[in-house]
Amino acid sequence: MNYTQDEVLDFIKEEDVKFIKLAFFDAFGLQKNISIMPNSLPAAFENGVSFDASAIDGFEGPQKSDLFLHPDPSTITILPWRPSHGRVIRMYCDIKHSGGSPYEKDCRNILKQAVKKAADCGLELIFGSEIEFYLFKLDEKGNPTKEPLDYAGYMDSSPKDKGENIRRNICFTLQDMGITLEASHHEEGPGQNEIDFRYSDPLTAADNCSTFKWAVGSTAAVNGLYADFSPKPLGNASGNGFHINISARRLGNTADGDGGNDFIPQIVAGLLRRIKEMTLFLNPSPESYARLGGGHKAPDYICWGTANRSALIRIPETNGADKRIELRSPDPLANPYTSFALIINAACEGIKEGLVPPESVSADLSRETGFSPSAGNTEPHDFKMPEKLPQSLEEARKIAADSSFIKSIIPESFIDAFSRNYTQDKFHF
């Protein structure tokens with residue numbers, strides 16, 4: 001919406017806003033917030049709103065725990081599921097020290113620094129996300145079950161697909177919150193759904209991911225359902241993916257087909273080089289590793305391929321001039337801000353060093369078929385299986401903890417938080 005501070009203050013008066021949620025994120029990308037009244041907003045814009053940083057995963061100890069939330073007026077949105085009289089709005093915040101300098105462990109600041117680094121490479125990256133989720137019924141006490149809303153399959157329609165109405169409600173909610181949508185459909189798993197939204201700059205894309213999960217969860221709850229974003233909600237069905245689509249263009253050029261495709265091989269090579277070190281942050285739960293390599297087109301091997309959905313990185317076939325990269329390993333529990341920051345840094349490394357990717361893979365590497373001529377694979381007989389992604393959370397933690405690449409981007413306290421404080425409940429939205 002790109003509101004200024006003055007426009008936000010006018011908006012609050014005109015739209016009968018009574019509560020303002022100031023939101024930010026912990027190391028895991030989970031949204032935190034404090035609510036203020038409209039009369040407190042001018043002071044919040046001027047001086048920030050203090051909070052106890054020692055209570056937030058990955059932040060500070062009690063000896064220096066005062067930090068300040070500064071609302072970003074460009075992120076204002078009305079919460080459509082709240083009453084229209086006495087409205088509630090939300091703004092994401094920049095976290096700052098008392099003197100006004102940015103807080104180094106603010107996830108949004110980490111991503112902003114990565115975007116600046118990309119600009120130094122002469123590169124502008126555009127992100128689009130595909131986030132999958134399951135809809136489960138609630139029991140008589142209102143607690144989530146593992147009974148899916150329906151037993152439809154990929155792109156089925158009603159009456160088999162019982163999620164059409166709630167997907168429509170979610171789409172209307174997201175549109176009301178300023179997110180431009182592209183498509184929605186039933187996914188492969190029973191009760192599994194996907195809603196895709198339009199690509200944008202990295203910070204807006206990460207904000208949209210966070211808004212999306214919050215809006216989906218809230219809309220599902222209003223409709224008496226539970227939205228489950230965990231990587232493998234049902235052991236014998238498709239896992240939930242967070243497929244990250246990346247397009248590149250030369251900085252300062254806005255026309256399509258302006259030469260950004262020249263960067264694609266180097267970006268692919270950079271991602272392949274660093275993916276094992278990044279995996280802890282792209283796949284942060286034990287359940288993540290049940291999804292990876294567990295079939296249903298979730299990747300297990302470090303490779304790339306054109307239109308190959310069993311590969312880690314897919315270059316989709318397109319009728320247009322622009323190409324995009326689809327990174328298929330992340331799952332919806334990933335913090336989008338740190339995930340995008342890592343991707344950008346790996347991409348810049350590939351470009352600066354002129355890295356060259358290995359040969360593409362056309363084989364079906366999914367666990368259902370394995371690699372064999374009988375499975376329809378066409379690779380040469382001397383084909384060697386690519387290296388695997390980390391096979392457990394512990395392995396991913398160790399690799400990240402030993403990585404100078406990760407430590408140059410992500411605060412070590414974030415790595416400690418993943419090792420010290422993990423519980424599955426932490427990721428419930």
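- The backbone N or O of Leu79 sits nowhere less than 3.5 Å from a side-chain atom of Lys21 that would complete a donor-acceptor pair.
- Although no hydrogens or angles enter the test, the distance criterion places no donor-acceptor pair under 3.5 Å between the side chain of Asp72 and the main chain of His70.
- Residues Ile406 and Leu342 have side chains in contact (heavy-atom distance under 4.5 Å, counting atoms from C-beta outward).
- Between Glu60 and Lys105, the closest side-chain pair of non-hydrogen atoms falls below 4.5 Å.
- Put simply, the side chain of Thr219 does not reach to within 4.5 Å of the side chain of Leu174, judged on heavy atoms.
- Applying the salt bridge (Lys or Arg N to Asp or Glu O under 4.0 Å) criterion to Glu349, with sequence neighbours excluded, gives Arg273, Arg274.
- Residues satisfying the ring pair (Phe, Tyr, Trp, His ring centres under 6.0 Å) test with Phe45, not counting sequence neighbours, are none.
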Determine whether Thr75 and Arg90 satisfy the following criterion, side chain to side chain contact (heavy atoms under 4.5 Å, CB included), listing intermediate values before the conclusion.
CA-CA 8 Å; Thr75 65; Arg90 180 229 65 205; 4.2 Å; yes

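- Side-chain contact, Ser230 with Asp228: a donor N or O sits under 3.5 Å from an acceptor N or O.
- Side-chain N or O atoms of Lys297 include none that pairs as donor or acceptor with a backbone N or O of Ala311 at under 3.5 Å.
- Ring geometry for Phe414 versus Phe59: interplanar angle under 30°, hence parallel rather than tilted (30 to 60°).
- In terms of heavy atoms, Arg291 sits closest to Arg328 at NH2-O, 2.9 Å.
- Residues Glu124 and Arg249 are paired through a salt bridge, judged by an N-O separation under 4.0 Å between the basic side chain and the carboxylate.
- Rounded to the nearest 0.5 Å, atoms CD (Glu394) and CG (Leu280) are 10.0 Å apart.
- Considering only heavy atoms from C-beta on, Ser329 stays 4.5 Å or farther from Thr279 through its side chain.
- Using bins of under 30°, 30° to 60° and over 60° for the plane-to-plane angle, the ring pair Phe418/Phe28 lands in the tilted bin.
- Going from atom OG of Ser392 over to atom OH of Tyr289 covers 7.5 Å, rounded to the nearest 0.5 Å.
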Determine whether Gln113 and Glu104 satisfy the following criterion, side chain to side chain contact (heavy atoms under 4.5 Å, CB included), listing intermediate values before the conclusion.
CA-CA 10 Å; Gln113 296 307 309; Glu104 301 81 4; over 6 Å; no

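- Looking at residues two or more places apart in sequence or on another chain, you find a salt bridge (Lys or Arg N to Asp or Glu O under 4.0 Å) between Lys276 and Glu387.
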Stepwise side chain to side chain contact (heavy atoms under 4.5 Å, CB included) check, Asn109 with Tyr103
CA-CA 7 Å; Asn109 181 61; Tyr103 178 54; over 6 Å; no

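- Phe68 pairs by the ring pair (Phe, Tyr, Trp, His ring centres under 6.0 Å) definition with nothing, not counting sequence neighbours.
- Side chain of Ser288 to backbone of Ser285: a donor-acceptor contact under 3.5 angstrom is found.
- In this view, Phe172 satisfies the ring pair (Phe, Tyr, Trp, His ring centres under 6.0 Å) rule with no residue, not counting sequence neighbours.
- No donor-acceptor distance shorter than 3.5 angstrom exists from the side chain of Ser360 to the backbone of Trp304, with no hydrogens or angles considered.
- For the residue pair Asp66/Ser50, the side-chain donor-acceptor check at 3.5 Å is not satisfied.
- Of the possible polar contacts, none joining the Ser65 side chain to the Ser54 backbone as a donor-acceptor pair under 3.5 Å is found.
- Here the side chains of Leu203 and Val115 are not in contact, with every heavy-atom distance at 4.5 Å or above.
- Not one N or O on the side chain of Asn223 forms a donor-acceptor pair closer than 3.5 Å with the backbone of Leu225.
- In this structure a side-chain-to-backbone donor-acceptor pair under 3.5 Å is present from Ser413 to Gly58.
- Residues Leu69 and Ile95 meet the side-chain proximity criterion, which asks for heavy atoms closer than 4.5 Å.
- Considering only heavy atoms from C-beta on, Phe197 comes within 4.5 Å of Cys209 through its side chain.
- Expressed to the nearest 0.5 Å, how far OH of Tyr226 lies from CG of Leu149 amounts to 15.0 Å.
- Formation of a donor-acceptor pair under 3.5 Å by the Glu188 side chain with backbone atoms of Gly239 is not found in this model.
- Among pairs with a residue in residues 399-409, those fulfilling salt bridge (Lys or Arg N to Asp or Glu O under 4.0 Å) read Lys398-Asp402, at least two apart in sequence or across chains.
- Residue Ser184 holds its OG atom at 9.5 Å from CE of Met155, rounded to the nearest 0.5 Å.
- Closest heavy-atom contact between Ile344 and Ala114: CG2-O, 3.3 Å.
- Listed by first and then second residue, the salt bridge (Lys or Arg N to Asp or Glu O under 4.0 Å) pairs involving residues 189-198 are Glu182-Arg198 (not counting sequence neighbours).
- In this structure, Leu41 and Met91 approach most closely via the heavy-atom pair CD1-CE, 3.8 Å.
- Shown here are the salt bridge (Lys or Arg N to Asp or Glu O under 4.0 Å) partners of Arg167, two or more places apart in sequence or in another chain: Asp161.
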Show every donor-acceptor pair shorter than 3.5 Å between a side-chain atom in residues 125-133 and any protein atom, with sequence neighbours excluded, or say none if there are none.
unit_1 : atom_1 : unit_2 : atom_2 : d
Glu130 : OE2    : Asn245 : ND2    : 3.1
Glu132 : OE1    : Gly241 : N      : 2.7

Tell me, with the steps shown, if Leu67 and His97 meet side chain to side chain contact (heavy atoms under 4.5 Å, CB included).
CA-CA 5 Å; Leu67 291 172; His97 294 285; 3.7 Å; yes

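- You'll find the ring centres of Phe242 and Phe229 outside the 6.0 Å limit.
- Contact annotation: the side chain of Leu123 approaches that of Phe263 to within less than 4.5 Å [non-hydrogen atoms, C-beta and beyond].
- There is a side-chain donor-acceptor pair under 3.5 Å between Asp331 and Asn283.
- Closest heavy-atom contact between Arg250 and Asp262: NH2-OD2, 3.1 Å.
- Considering only residues two or more places apart in sequence or on other chains, Asp94 meets the salt bridge (Lys or Arg N to Asp or Glu O under 4.0 Å) condition with Arg108, Lys112.
- The residue from Ile325, Ile267, Val361 that alone fulfils the side chain to side chain contact (heavy atoms under 4.5 Å, CB included) condition with Ile313 is Ile325.
- The shortest non-hydrogen separation linking Leu312 to Pro299 is CA-CB, 3.8 Å.
- Considering every non-hydrogen atom in both Gln192 and Ser238, the closest pair reads OE1-CB, 3.6 Å.
- Remark: side-chain polar atoms of Gln391 are paired, donor with acceptor, to backbone N or O of Leu389 under 3.5 angstrom.
- Going from atom CD1 of Ile343 over to atom SG of Cys348 covers 12.0 Å, rounded to the nearest 0.5 Å.
- Residues that satisfy the ring pair (Phe, Tyr, Trp, His ring centres under 6.0 Å) test with Phe25, not counting sequence neighbours, are Tyr92, Tyr337.
- Thr145 pairs by the side chain to side chain contact (heavy atoms under 4.5 Å, CB included) definition with Lys137, Asp139, Glu147, not counting sequence neighbours.
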